[in-house]
Novice: 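Pasting a structure here, questions to come.
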Amino acid sequence: MPEHDPLEAGDHVVLIDGSAYIFRAYHALPPLTRSSDKLPVGAVAGFCNMLWKLVRAQGFSPAPTHLAVVFDKSEITFRKEIYPLYKAQRPDLPEDLAPQFPLIREATRAFDLACVEQSGFEADDLMATYAEQAKAKGALVTIISSDKDLMQLVDAKVRMYDPMKDRSIGVDEVFEKFGVAPEKVVDVQSLAGDSVDNVPGVPGIGIKTAAQLLDEYGDLDTLLARAGEIKQTKRRENLIEFADQARLSRELVTLKRDVQLDVSLDDIAVVEPEGKKLIAFLKAMEFTTLTRRVAEAYEIDAAAIDPDPGLKAGGARSDALGEGLDPEGVDPTAAAGDAAVEAGLTPAALSVARISEGTATPVDRASYETVRTLDRLRQWVERAYEIGFVAVDTETTGLDPMQADIVGFSLATAPNEACYVPLTHKGGDEGLFSEGLLPDQVSVRDAAEALKPLLEDPAVLKIGQNLKYDWLIFKRLGIELAPCDDTMLISYVLDAGVGSHGMDALSVRWLGHTPIKYEAVAGKGKSAVSFDRVAIDKASEYAAEDADVTLRLWRVLKPRLVAEGKTAVYETLERPLVTVLARMEERGIMIDRQMLSRLSGEFAQGMGRLEAEISDMAGESFNPGSPKQLGDILFGKMQIPGGRKTPTGAWSTGADVLEELAEQGHELPRRILDWRQLQKLKSTYADALPTYVNPETGRVHTSFALAATTTGRLSSSEPNLQNIPVRTEEGRKIRKAFIAERGHKLISADYSQIELRLLAEIADTPSLRQAFQDGLDIHAMTASEMFGVPIAGMPSEVRRRAKAINFGIIYGISAFGLANQLSIPREEAGAYIKRYFERFPGIRAYMDETRAFAREHGYVETLFGRRCHYPDIAAKNPSIRAFNERAAINARLQGSAADIIRRAMVRMEPALTKAGLSARMLLQVHDELIFEVRDEEIEATIPVVKQVMEHAPIPAVALKVPLKVDARAALNWDEAH
DNA sequence: TAGAAAACGTA
DNA sequence: GTACGTTTTCTAG
């Protein structure tokens, strides 16, 4: 905190009535919207211009030494308590005004000025108190407002200024308005009342009469005491009858001048704004003129400063989905619009407000509680019930949710309101027999029992980061977490392609806060300990912070879903998949370890044979696995021409290079290729897979990542079961080792040509669409169109080229890439592409449109509204730019396909259940689903699976192109595929 | 001993 | 030409 100058005589205190300013500016200034996303910013612009003039002391003397922008806090004030009708008939906020409130607060912070609000009090009371204190110290006060309620404060040292009319309001102007001196203004208002604020006053008495009466009787109390003397009958009767109402009105209109201020007068001393922060804000608002002025004043290059990322245009667009959400698939507690409705804000306004809230309250680790007793835990559970949501995070002994044991968990119910519940932390002594639990911990059994009703209660939303992990941990404790919100997935829906979605990164990005690193509490590398060996106080800070941060992220990110029209994407493609994938991981798949072990031996033998031949041919023994040594042998010692270099300048010994050399008749490269194949199959599959078998289940449980790709595809790891070999005969031996349990078979169901079909759909190419509708061989048909060769009796080489072109199109084709793929000159590849576009002009248009859209918006969207961001799409470097363009073109197709199979997966289990089938979905490999099915249910299951997959786009999107799914059952994955 | 690079498995 | 994850080797610390 900067040092504040104490206020002294002669200082100038400026108080801005923030809320009133917004209303006045909104009505007085022409409407202005931010050009990129039409966010209304008229009042914000006026406000910023005014602040800039104030801090630069332009046309405003003396220069302010202290300044605060004062807001109403939208809560119950003492006035509401004494008179519930007070300000009860305020009209609803205009839709384009509401979002400007939080922005004005942001603007104030950007100017480094104090932003003051205090619950229980209106802005007027706070200003009255500041004015009173300033006056007492001999300072001059200016209140920027035209609210007549503030006129009671005016005197020789306190003036008002109406920013809209640009006029000063002193004692004379107040007299003009009320017909009395400022100190009598309260009495006038008590009599005359105020229809706007619903202050009752005395019927039949307006300002004029009130002033006249007060002139005659002196003050309100005297007047009411002597009301019987008044000649006019009606007026006399009213004054007597409504005397109490007048006194009540006085209580309402009299401003409190003795509020206990949270922010002292000294705290609002003016400091020079930090130019960069201010420019970042102004740029985000797209106020170009003021940005330029500020930049000039500070001699800063505005172009070098990025717009405030939390505030810049995010593109508030409506949902791409026209479908109503499946009623059964949507959680009642998930209604993201609720918060907006409650707060009386539009979704965009709430979103902006929450983004600024994110950085407002610092994380205070001292506020966290370590829960030591079941009683305290029950109180936290009670608290979660009260508010209807709770952030949850588990701490465990490892990273594998199928093996790790719970050590403790944390809960958070509000920012800085978080706790950690240690369960199984262990003591320091390393004795062989005494692995003693530390004292004062709730037992796992008691905790699970206390938590289960809460975590399974459909009325309480559980919030987490990467909840699939915690879901599995709780599942193993007999708890099925529901309903859930996952901050990682919300971030992924909103910002796929922008940074990572890990908690630490999100915290830095949205909360400006760096959480404690896991390594800092548990150590890393050799000295790492499992979490149950971490001291409880350290663990507590770390874990409670995780829950706290998760909750804060949820408050920031969740409203963005509504504001940016991405609720349907989140609700249909992300949220329901958490449990679907968790169950798939939980089931795992069976492998034949004996078969893999035998294969490993075979591969080792083959490698040994090859190694002997290789060293013979090379004339020396070397490591065939070393690209460096191999390069030296091939291109150094053996002087084989035609070598290429890798980007780092080393000899390239990739498969494509070795393949070329082999075709030229060189024997050694062929042997190396064979050796590498065996090496790969042995190390990555035959040897590695058995190490992943879970000792308790005897099966392999992969981990599917939901938020790892830019396009919406899943990824699989530990082990990656999405890259099990299939292309070569040797490789397929590995695949044969994936088997079904006794009495079952594996069903593999895969979409045929789904991305090409989506190309035909999205690029709206009738000839391609027709080909799919007619069930033609699409590559042959392409070849026939391009080269004029009839499909019947087509040479396989012609079809192969057309197939390469079709794939090239999906990948965003370049002549360079196609030439590489087909081993033809670049010119020839270019000619192919040209001819392709002549035959299919719609596809060229599709690619051009996608490029232009991505360039303009920085993202593309799938058929289902999923956004894939490409922040480098406008890079100056042409190869980076071209790469991003190809990726964006591919993303619409790959991403739409990913959306479709996600939809199928979400619907699959209910469809199977409904059909009375027990099939278990085990794996997803991008366009393929693997099931384990009881022998007697195979025939009934296949049509259900096909039906769900082929109709997955309905009803969100009705494709003109049919989707085709091939499904087969067998004892192992190779034969099912 | 950690991280980059090269290589290669899949859709 | 797109999208991934894993393994081994190599290099810098």
Side-chain angles (χ1 to χ4, degrees), chain A residues 496-497 524-527 622-631 645-658 672-673 675-689 691-692 702-705 708-728 730-732 734-735 750-756 759 804-822 826 829 832-833 847 860 868 870 879 882-895 897-898 901 923-928 973 977:
Chain A
K524 60 173 176 178
K526 202 160 60 92
S527 57
F622 70 102
N623 180 359
S626 163
K628 190 172 178 288
Q629 294 177 37
L630 176 62
K645 295 287 182 79
T646 67
T648 52
W651 287 114
S652 169
T653 65
D656 48 348
V657 174
L658 298 190
I672 295 287
L673 285 168
W675 183 90
R676 278 186 184 165
Q677 176 179 209
L678 296 180
Q679 148 82 14
K680 180 81 177 180
L681 293 175
K682 181 173 187 292
S683 68
T684 308
Y685 303 104
D687 292 343
L689 285 172
T691 70
Y692 287 101
T702 184
S703 172
F704 287 107
T709 70
T710 308
T711 55
R713 273 193 179 178
L714 305 179
S715 75
S716 156
S717 62
E718 291 184 305
N720 181 354
L721 296 186
Q722 290 181 322
N723 70 346
I724 301 304
V726 72
R727 286 177 194 179
T728 65
E730 293 295 288
R732 279 201 294 276
I734 298 285
R735 202 168 263 241
D750 69 301
Y751 285 107
S752 160
Q753 313 270 28
I754 187 168
E755 292 183 3
L756 266 184
L759 174 70
I805 293 168
N806 278 333
F807 273 93
I809 296 290
I810 292 170
Y811 297 154
I813 206 151
S814 75
F816 181 85
L818 184 63
N820 246 349
Q821 177 68 27
L822 289 176
R826 184 131 26 123
Y832 281 3
I833 294 169
M847 296 179 78
V860 293
C868 313
Y870 293 90
S879 70
F883 175 79
N884 277 276
E885 288 172 355
R886 291 193 299 269
I889 288 166
N890 173 255
R892 285 182 78 190
L893 303 168
Q894 191 187 109
I901 197 164
L923 299 177
Q924 186 251 43
V925 191
H926 309 309
D927 65 358
E928 173 187 16
W973 190 1
H977 186 73

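Every chain is numbered from 1, with letters handed out A, B, ... down the list of sequences.
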Novice: Output the single nucleotide from C/dC4, B/dG9, B/dA6 whose closest atom is nearest the side chain of A/Y685.
Specialist: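 Selected nucleotide (nearest to the side chain): B/dG9.
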
Novice: If the cut-off is 4.0 Å, is A/T684 near the phosphate of B/dG9, judged by side-chain N/O to OP1 or OP2?
Specialist: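 No.
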
Novice: Mind checking whether A/L658 and A/L630 have side chains closer than 4.5 Å, heavy atoms only?
Specialist: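 Counting from C-beta outward, A/L658 and A/L630 do come under 4.5 Å.
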
Novice: Check whether any side-chain heavy atom of A/I724 sits under 4.5 Å from a side-chain heavy atom of A/V925, and report yes or no.
Specialist: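 No; the side chains remain at least 4.5 Å from each other.
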
Novice: Taking CG from A/L923 and P from B/dA11, how many angstroms apart are they, rounded to a whole number?
Specialist: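 Distance, rounded to whole Å: 13 Å.
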
Novice: Which nucleotide wins on minimum distance to the side chain of A/F883, given the candidates C/dC4, C/dT2, B/dA7?
Specialist: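 The answer is C/dT2, which lies nearest to the side chain.
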
Novice: Considering only heavy atoms from C-beta outward, does the side chain of A/E928 approach that of A/W973 to under 4.5 Å?
Specialist: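 They are in contact (side-chain heavy atoms under 4.5 Å apart), so the answer is yes.
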
Novice: Taking atom types as they are modelled, is there a donor-acceptor pair under 3.5 Å from the base of B/dG9 to the side chain of A/N723?
Specialist: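 Such a pair is found, so the answer is yes.
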
Novice: Can you figure out which of C/dT2, C/dT6, C/dT11 approaches the side chain of A/K628 most closely?
Specialist: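 Closest nucleotide to the A/K628 side chain: C/dT11.
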
Novice: Quickly work out the A/R732 CZ to B/dT10 C1' distance and round it to whole Å.
Specialist: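 Rounded to whole Å, this separation is 14 Å.
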
Novice: Taking the side chain as every heavy atom from C-beta outward, state whether A/T702 and A/Y692 have any pair of such atoms under 4.5 Å apart.
Specialist: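 SC-SC contact between A/T702 and A/Y692 ruled out.
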
Novice: Could you check whether A/R713 gets within reach of a base, just the sugar-phosphate, or nothing at all, counting any heavy atom under 4.0 Å?
Specialist: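 Result for A/R713 = base.
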
Novice: Tell me, do A/T709 and A/Q894 make a side-chain contact under 4.5 Å, heavy atoms counted?
Specialist: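 Of all side-chain heavy-atom pairs linking A/Q894 with A/T709, none is under 4.5 Å.
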
Novice: Contact class for A/T709 vs. all strands (heavy atom < 4.0 Å): base, sugar-phosphate, or nothing?
Specialist: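 Answer is sugar-phosphate: A/T709 comes under 4.0 Å of backbone atoms only.
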
Novice: Taking 4.0 Å as the cut-off, does a side-chain nitrogen or oxygen of A/T648 come that near to OP1 or OP2 on B/dA6?
Specialist: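 The answer is yes; a side-chain N or O of A/T648 sits under 4.0 Å from OP1 or OP2.
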
Novice: Considering every strand and a 4.0 Å limit on heavy-atom distances, what is the contact class for A/R727: base, sugar-phosphate, or nothing?
Specialist: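 Base, at least one base heavy atom under 4.0 Å.
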
Novice: Contact class for A/A804 vs. all strands (heavy atom < 4.0 Å): base, sugar-phosphate, or nothing?
Specialist: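 The answer is base, as A/A804 lies within the cut-off (heavy atoms under 4.0 Å) of a base atom.
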
Novice: Could you please name the option among C/dG5, C/dG1, B/dA11 that lies closest to any side-chain atom of A/K680?
Specialist: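 Of the candidates, C/dG5 comes closest.
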
Novice: Base, sugar-phosphate alone, or nothing: which one does A/I810 contact when heavy atoms must sit under 4.0 Å apart?
Specialist: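 Counting heavy atoms under 4.0 Å across all strands, no contact is made by A/I810.
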
Novice: Between atom CG in A/L756 and atom P in C/dT2, what is the gap in whole Å?
Specialist: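 To the nearest whole Å, that distance equals 17 Å.
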
Novice: Could you state the NE2-P distance from A/H926 to C/dC4, rounded to the nearest angstrom?
Specialist: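 My rounded result for the distance is 10 Å.
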
Novice: Among the candidates C/dG5, B/dC8, C/dA3, find the nucleotide nearest to the side-chain atoms of A/N720.
Specialist: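 Closest of the options to the side chain of A/N720: C/dG5.
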
Novice: Base, sugar-phosphate, or nothing for A/A898, non-hydrogen atoms under 4.0 angstrom?
Specialist: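 The residue A/A898 makes no contact with any strand.
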
Novice: Side chain of A/R735, heavy atoms from C-beta onward: which of B/dT10, B/dA7, C/dT2 has the nearest atom to it?
Specialist: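 Of the candidates, B/dT10 comes closest.
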
Novice: Which nucleotide in the list C/dG5, C/dG1, B/dA11 gets nearest to the side chain of A/F816?
Specialist: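 The answer is C/dG1, which lies nearest to the side chain.
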
Novice: Once you round it to whole Å, what is the distance between C1' of C/dG1 and OH of A/Y832?
Specialist: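 Roughly 17 Å, once rounded to whole Å.
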
Novice: Report which part of the nucleic acid A/G808 touches: base, sugar-phosphate, or nothing (heavy-atom distance under 4.0 Å, all strands).
Specialist: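 Base contact - A/G808 has a heavy atom under 4.0 Å of at least one base atom.
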
Novice: Under 4.0 angstrom, heavy atoms only, what part of the nucleic acid is A/E718 near: base, sugar-phosphate, or nothing?
Specialist: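 The answer is sugar-phosphate, as A/E718 gets under 4.0 Å only of primed atoms, P, OP1 or OP2.
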
Novice: In whole angstrom, give the distance that lies between atom OH of A/Y811 and atom P of B/dT10.
Specialist: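 Between P of B/dT10 and OH of A/Y811: 12 Å.
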
Novice: Measure the distance from CG on A/N623 to C1' on B/dA6 and round it to the nearest whole Å.
Specialist: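 My rounded result for the distance is 13 Å.
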
Novice: If only side-chain N and O atoms of A/S715 are considered, is one of them under 4.0 Å from the OP1 or OP2 phosphate oxygen of C/dA3?
Specialist: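 So the side-chain polar atoms of A/S715 never come under 4.0 Å of the phosphate oxygens OP1 or OP2 of C/dA3.
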
Novice: Indicate, with a heavy-atom threshold strictly under 4.0 Å, whether A/A815 touches base, sugar-phosphate, or nothing.
Specialist: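 No contact at all - A/A815 keeps every heavy atom at 4.0 Å or more from the nucleic acid.
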
Novice: Taking atom C1' of B/dC8 as reference, at what distance in whole Å does atom CD1 of A/I672 sit?
Specialist: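 Going from CD1 in A/I672 over to C1' in B/dC8 covers 15 Å.
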
Novice: Could you tell me the separation between the CD1 atom of A/I805 and the CG atom of A/L822, rounded to the nearest 0.5 Å?
Specialist: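 That separation rounds to 7.0 Å.
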
Novice: Heavy atoms, side chains only, cut-off 4.5 Å: are A/Q722 and A/L714 in contact?
Specialist: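 With C-beta onward as the side chain, the pair touches.
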
Novice: Given B/dA11, C/dG5, C/dG1, which nucleotide is nearest the side-chain atoms of A/V925?
Specialist: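 For A/V925, the side-chain atoms sit closest to B/dA11.
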
Novice: Between A/T710 and C/dC4, is there a contact of a side-chain N or O with OP1 or OP2 at under 4.0 Å?
Specialist: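 So the side chain of A/T710 is within the cut-off, an N or O lying under 4.0 Å from OP1 or OP2 of C/dC4.
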
Novice: Under 4.0 angstrom, heavy atoms only, what part of the nucleic acid is A/Q821 near: base, sugar-phosphate, or nothing?
Specialist: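 Counting heavy atoms under 4.0 Å across all strands, the contact made by A/Q821 includes a base.
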
Novice: Where the side chain of A/P725 is concerned, which of C/dT2, B/dG9, C/dA3 is the nearest nucleotide?
Specialist: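 It is B/dG9.
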
Novice: When you measure from the side chain of A/H977, which nucleotide among C/dT7, C/dT2, B/dA11 comes out closest?
Specialist: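 Looking only at heavy atoms from C-beta outward on A/H977, the closest nucleotide is B/dA11.
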
